[in-house]
Amino acid sequence: MRIREQARDSAPRNPSIPSSPHIRKSARLRVLVVAESFLPQVNGVTNSVRRVLDHLAAKGHEAALVAPTGPREYAGFRVHVVRGARLPFYRDFRIGLETRRRLRKIMREFRPDVVHIASPATLGYQAAKVANELGIPTVAIYQTDLVGFALRYDLPGGVRAMTALTRRIHLRVDRTLAPSTASLRQLELMGVPGLGRWPRGVDLQQFGPSRRSERLRKRLAPNGETLVGYVGRLAPEKELELLAALRPLPGVRLVVVGGGPEEKRLRKLLPDAEFLGVLHGAELAAAYASLDVFVHTGRHETYCQAAQEALASGVPVVAPKSGGPIDVITPGAGFLYPPGDADAMTELVRRLVEDPQLREQTAEIAVRSVRDRSWAAVNDLLIRHYREVIAERLRPDSARGEVPATKEAS
């Protein structure tokens with residue numbers, strides 16, 4: 001995979017936002033995180049931002065967060081809640097619409113060593129422009145497939161607009177980190193330079209086979225049914241209508257965990273399914289571990305954290321052979337089917353339902369496959385990426401952007 005050289009002018013670091021000329025591995029960093037989504041919204045972006053902030057706090061770094069929603073502080077760090085608006089076609093999701101003037105004020109006051117832009121869209125684009133003006137190093141996290149989002153929602157001119165927006169954003173940052181090889185390839189085809197890989201971690205203390213709840217299983221499967229479930233947002237891009245193909249399977253009970261704009265429609269489509277709503281903490285871990293098979297349906301996942309949490313819980317995964325699941329689900333830990341192919345998905349689920357020994361073997365491999373994917377290890381890698389882009393900015397003769405696309409450590 002060929003990585004193109006960074007395609008933007010070099011901006012000198014603004015003297016009003018000083019940083020140490022020699023940032024050692026042990027030096028404390030000041031990180032400004034800009035996120036399109038945060039609490040109380042529950043989604044992949046919010047969860048990963050929380051993990052990053054928790055890790056920065058644990059390691060003794062300084063941080064602040066800019067987001068369109070959130071509490072006054074998180075993990076001991078200040079949260080700047082900025083202007084935002086709800087999407088007309090997805091009322092549960094709010095995007096940031098803050099002005100560059102406000103963002104410039106926040107950056108000048110906080111004086112970050114690096115700006116971390118999580119899943120950039122409207123707010124991230126403005127933050128990237130301001131950071132570039134001020135000469136602050138930037139790391140953008142590619143986590144939301146805006147092009148796939150526009151395609152699924154059938155927005156007029158949406159695919160072209162989201163492709164252009166994605167390019168504009170990522171051409172302005174020092175490094176773009178994507179979670180999977182499929183995402184890296186997608187970005188490379190758009191002409192995005194400076195690519196690196198940053199996968200997602202999994203909480204191996206929260207999720208595990210020991211969280212299995214016989215009490216929950218008896219409630220969900222009073223007649224000993226095999227529990228087949230989905231965990232995630234209930235939204236059109238998740239293609240959850242495919243789950244209806246599983247209804248005729250004998251001895252199967254469908255379980256749906258999550259909330260979103262599609263819930264009402266899905267309840268009608270899946271009248272025999274058990275909808276548990278949005279779960280957190282121990283309840284979420286128990287729901288995962290109490291399943292016999294986990295099914296994912298959406299093809300536009302940059303990573304698919306839900307599948308990874310299912311693997312950690314000792315549950316075989318059936319997911320589309322597209323995007324993040326290709327990397328997340330290693331051979332033997334689950335099965336991949338052609339995106340959108342309900343018959344192929346149903347056949348793979350049928351095999352697991354009818355063969356308890358296959359389920360057991362697959363579950364054992366699933367648990368082993370995620371042993372090295374802790375959040376601590378993944379976020380230590382992120383901090384190394386921070387230090388690298390800072391060091392590159394401090395080398396005036398450096399050609400930024402030449403980062404191996406499959407790079408996970410240095």
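Only a predicted model underlies this, so the values are computations on that prediction, with no experimental measurement involved.
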Next item on the list: Could you tell me whether the side chains of R200 and Q308 share a donor-acceptor contact shorter than 3.5 Å?
Entry: no
query = What's the verdict on side-chain contact (heavy atoms from CB on, under 4.5 Å) for T144 and T302, showing C-alpha distance, side-chain angles and the deciding distance?
reply = CA-CA 7 Å; T144 303; T302 57; 6.0 Å; no
Practice problem: Scan side-chain atoms only and decide if H385 and R175 contain a donor-acceptor pair under the 3.5 Å cut-off. | Solution: yes
Exactly one candidate in H300, R299, M345 meets side chain to side chain contact (heavy atoms under 4.5 Å, CB included) with P339; the answer is R299
- Query: Is the NZ or CZ atom of R50 positioned over Y74's six-membered ring, under 6.0 angstrom from the centre and within 45° of the axis?
  - Reply: no
| task | Give a yes or no on whether R160 atom CZ has more than 12 heavy-atom contacts from other residues, nucleotides or ligands under 6.0 Å away. | result | no
Give a yes or no on whether the backbone of A131 and the side-chain of E133 come within a donor-acceptor separation of less than 3.5 Å.
no
(request) Determine yes or no for a side-chain-to-main-chain donor-acceptor pair under 3.5 angstrom, with T69 supplying the side chain and F38 the backbone. (result) yes
- Between the main-chain N or O of D174 and the side-chain N or O of T138, is there a donor-acceptor pair closer than 3.5 Å? yes
side-chain contact (heavy atoms from CB on, under 4.5 Å) assessment of R373 paired with V328: CA-CA 10 Å; R373 301 183 192 175; V328 172; 3.9 Å; yes
When you compare the side chains of Q186 and Y142, does any donor N or O come within less than 3.5 Å of an acceptor on the partner? yes
Pair S37, T46: side-chain N/O donor-acceptor within cut-off below 3.5 Å: yes
query: On the ring face of Y288, is R211 found with NZ or CZ under 6.0 Å from the centre and within 45° of the axis?
result: no
From the list V257, V317, V315, side chain to side chain contact (heavy atoms under 4.5 Å, CB included) with L291 holds only for V315
Shortest non-hydrogen pair, V79 vs P71, comes out as CB-O, 3.1 Å
Between R233 and E262, does any NZ, NE, NH1 or NH2 come within less than 4.0 Å of an OD or OE carboxylate oxygen? no
For A140 and P120 the tightest heavy-atom approach is CB-CG, 4.3 Å
Output yes when a side-chain donor or acceptor of R78 lies under 3.5 Å from a complementary backbone atom of A64, and no otherwise. no
Taking the side chain as everything from C-beta on, heavy atoms only, tell me whether S290 gets closer than 4.5 Å to L220.
no
Closest non-hydrogen contact found for L216 with A286 is CD2-O, 3.9 Å
Tightest non-hydrogen contact, residues G70 and V81, listed as O-CG2, 3.5 Å
Carefully, step by step, assess E214 and R212 under the rule salt bridge (Lys or Arg N to Asp or Glu O under 4.0 Å). CA-CA 7 Å; E214 291 305 324; R212 185 181 177 94; 3.3 Å; yes
Check: Going by distance alone, is a donor N or O of one side chain under 3.5 Å from an acceptor N or O of the other, for D292 and T226?
Finding: no
_Does this structure show an ion pair linking R387 with D113, if we count only N-O contacts that are shorter than 4.0 Å?_
no
Shortest non-hydrogen pair, L270 vs V256, comes out as CD1-CG2, 4.5 Å
| said: Please tell me whether S183 and S180 have a donor and an acceptor in their side chains that are separated by less than 3.5 angstrom. | reply: yes
Is there a side-chain contact between S119 and I141 (heavy atoms, below 4.5 Å)? no
Might you work through the side-chain contact (heavy atoms from CB on, under 4.5 Å) test for V173 and V139, ending with a clear yes or no?
CA-CA 6 Å; V173 300; V139 173; over 6 Å; no
From the list D272, V252, L269, T346, side chain to side chain contact (heavy atoms under 4.5 Å, CB included) with R247 holds only for D272
Query raised in the report: Does D327 reach the side chain of P199, with side-chain heavy atoms less than 4.5 Å apart?
Result: no
| Q143 and S48 side chains, donor-acceptor separation under 3.5 Å | yes
Query raised in the report: Hey, are Y386 and H116 close enough side-chain-wise for a donor-acceptor pair under 3.5 Å?
Result: yes
A side-chain contact here means heavy atoms from C-beta on lying under 4.5 Å apart; do H55 and W375 qualify? no
Per side chain to side chain contact (heavy atoms under 4.5 Å, CB included), K238 is matched among L234, L240, L242 by L240
| said: Checking F294 against V349 for the side-chain contact (heavy atoms from CB on, under 4.5 Å) test, could you report, in this order, the C-alpha distance in whole Å, the side-chain angles of both residues, the deciding distance, and whether it holds? | reply: CA-CA 9 Å; F294 178 87; V349 172; over 6 Å; no
With L382 as partner, the option from V31, L56, V52 fulfilling side chain to side chain contact (heavy atoms under 4.5 Å, CB included) is V52
L65 and A35 have their tightest heavy-atom pair at CD1-CB, 4.1 Å
Practice item. Check whether any side-chain N or O of W198 sits under 3.5 Å from a backbone N or O of L381 as a donor-acceptor pair, and report yes or no. Key: no
Is a donor on one side and an acceptor on the other found under 3.5 Å between the side chain of R172 and the backbone of K129?
no
Say whether, by atom type as modelled, one donor and one acceptor occur between the side chain of D355 and the main chain of R351 under 3.5 angstrom.
-> no
- Task: Determine yes or no for a side-chain-to-main-chain donor-acceptor pair under 3.5 angstrom, with R100 supplying the side chain and A127 the backbone.
- Result: no
Next item on the list: Please answer whether the main-chain N or O of P356 pairs with a side-chain N or O of Q361 as donor and acceptor at a distance below 3.5 Å.
Entry: no
- Task: Verify, without hydrogens or angle tests, whether T362 (side chain) and L358 (backbone) share a donor-acceptor contact under 3.5 angstrom.
- Result: yes
